[in-house]
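A quick write-up on the structure given underneath.
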Amino acid sequence: MDRLAGDSSSFKLPLQHSFMATTATTESLEVRVKRLEQEKAALEQEVRALRLEQSIALASAPAGGARAQKQQEQQQQQCANTNGGAATNDLTASSAFAPFEKVAALTNPEIARYGRQLILPGFGIQAQMDLRNCSMLVVGAGGLGASCALYLGAAGVGRLGIVDHDTVDISNLHRQVIHNEARQGMSKARSAALSVQLLNPHCEVIVHELVLESSNAQEIINAYDIVIDATDNVATRYLLNDASVLGQKPLVSGSALRLDGQLTIYNYRGGPCYRCLFPTPPPSETVTNCSDGGVLGVVPGIIGCLQALEAIKIATGLNKEDPPTMTLFSANSSTMFRTIKLRKRKAECIMCGDSPTITKLIDYVRFCGSSATDKTPDLFLIPFNERITCQSYNEVLKGRVPHLLLDVREKVQFDICSLPSSLNIPLKALPNELEKVKASLEGQPDRPVYVVCRRGNDSQPAVRILQENGITTGEVKDMVGGLERWSNTIDPDFPKY
Amino acid sequence: MTQHFKVLYFASAKDASKTDGDKFEWSDNINSEVLTKLLLDRHPDLAPILKVSMFAVNMEYMDQDLSWTVQPGDEIAIIPPVSGG
């Protein structure tokens, strides 16, 4: 803790604490109360700032609460052993595999904190101890991981690992409530760890700032008792499944998109693995991410809470007799929750079956034909000479060159913002609405047509459709980078979403 | 009297079919192959999704390889994987 004290010494208290008898005689009681209130508020602010500072240091140690000092000492010892005494601020791998220390009893502060769970019939001290002596890995600190990690940390899980490679963006905050506005640009794994630490310093949080992949997944997963799949992409889901089967860990899997969610525990008590139910990965063009498909913030929040609940039930043995199920959540259906009864694992499953053909982790990006993140890649479907840059289109506008601007985004996106006098026909509807495009050329068959969309991907097949149907004898081009780049390079006042 | 069975669509299957459920007229010998054809006749956009979806009958997982046929009044759920988070 010496380092923390050193760090915090840079803070200067803004007020002198000289509220002794001398001032009391010269001040009226009213003034004195007011002054003390102000001092109190200033001190409280200082305490909050120091606590945050302390948590950052703790998160990067990484260790929590009463174990912080001991762990830090151990770590320093390890550093001394491996680095010839050089200090290291590496908060990832090495410490995750320091043995997880189990305890025989709760401390008084822990008893005070978990009192409402301790008096809960069917939970009590035994379940609380089970939680305290359990380690869990939350993969993904996004919409699912946000609520899941907060509730697991709050409930008293002994060690919580958090994996994420991404950084906090303002468009995450409507659902990823574990982060906040001040942490934009900060690593999500670190921000999530910090929030858990602020909520419950007794939970030891380990930060894994990395992309989980075949080369590192097994080692990380093996270091935990329960794995929670809170990821946002197909490739990582198959990777987690396979690594959990190989490492014999229960996998609490959640997913959410738009208004729907799913929850299943895989590889647990003879139940199926992910591949038993979904042996074939979906073709990448049918997979929608939150950024393109949209998601109501509370939906992943609900699924993340359910994942936390299931993980707690596994850790404490509350679900001993439960047969395997999949829970389906549909936010706008009159039946919000449905539970599908699952079978036992499939004997012929290539992963968890009787004669598995996958015996080590494979290349999941290749297997799924999609990347291990949920970022939308830039597509290059048509040559550059059939495209127009934002700058060139801006010149077209400035020069008042007659043209048609076709916006092929879905109407729900067009309603947020659009460029002046653009015609909105979504890509999906375009083949059936070509007459509308023709009519908009105002009798000028050689009028150029420029196509725009959100990021410059959908606009490319739209160009092809227009060309193949000979819509105009003039040029047909799409805007490189779409409206997002328009906002970045031409008009900073144009909204991005 | 005509008998029916019901199909429920979830997640991307709901988006592709633009509905959360359908009623179909029941007949004898609708196995999973015939069912797939019936579904695609009504909703061609389901094609890529059906290939990767899990089926459940009356809230229970259904193995498409088994010699199963639809019974009158069955409720069949089409459950594609959801990957967002």
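Just so it is clear: chains get the letters A, B, ... in the order the sequence lines come, proteins before strands, and each one is counted from 1. Keep in mind it's a predicted model, so treat the numbers as computed, not measured.
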Heavy-atom cut-off 4.5 Å, strictly under: side chain, backbone, both or neither for [X] against chain B?
X        : value
A/Thr231 : backbone
A/Leu328 : side chain
A/Asn332 : side chain
A/Thr325 : neither
A/Cys276 : backbone
A/Pro281 : backbone
A/Val234 : both

Is B/Glu33 atom CD crowded by more than 12 heavy atoms from other residues, nucleotides or ligands, each under 6.0 Å away?
no

Look at atom CZ of B/Phe55 and say whether more than 12 heavy atoms of other residues, nucleotides or ligands are closer to it than 6.0 Å.
yes

For [X] against [Y], the heavy-atom pair lying closest together:
X        : Y       : value
A/Leu342 : B/Met54 : CD2-CE, 3.8 Å
A/Lys346 : B/Tyr61 : NZ-OH, 3.1 Å
A/Pro282 : B/Val52 : CA-CG1, 3.7 Å

Which residues in residues 73-83 of chain B have any heavy atom closer than 4.5 Å to a heavy atom of chain A?
B/Ile79, B/Pro80, B/Pro81, B/Val82, B/Ser83

Listed by number, the residues in residues 13-24 of chain B that come under 4.5 Å of chain A (heavy atom to heavy atom) are B/Lys14, B/Asp15

Using a cut-off of under 4.5 Å on heavy-atom pairs, state which of A/Leu257, A/Leu277, A/Leu259 scores highest against chain B.
A/Leu277

With rounding to the nearest 0.5 angstrom, report the OG to OH distance, A/Ser330 to B/Tyr9.
14.5 Å

Report the C-alpha separation of B/Asp63 and A/Arg343 in whole Å, then their side-chain angles, then the decisive distance to 0.1 Å, and conclude whether the side-chain contact (heavy atoms from CB on, under 4.5 Å) test is met.
CA-CA 9 Å; B/Asp63 215 325; A/Arg343 300 266 177 88; 4.0 Å; yes

Evaluate the criterion side-chain contact (heavy atoms from CB on, under 4.5 Å) for residue pair B/Met59 and A/Arg338; output intermediate values, then yes/no.
CA-CA 8 Å; B/Met59 295 300 170; A/Arg338 280 191 175 83; 3.1 Å; yes

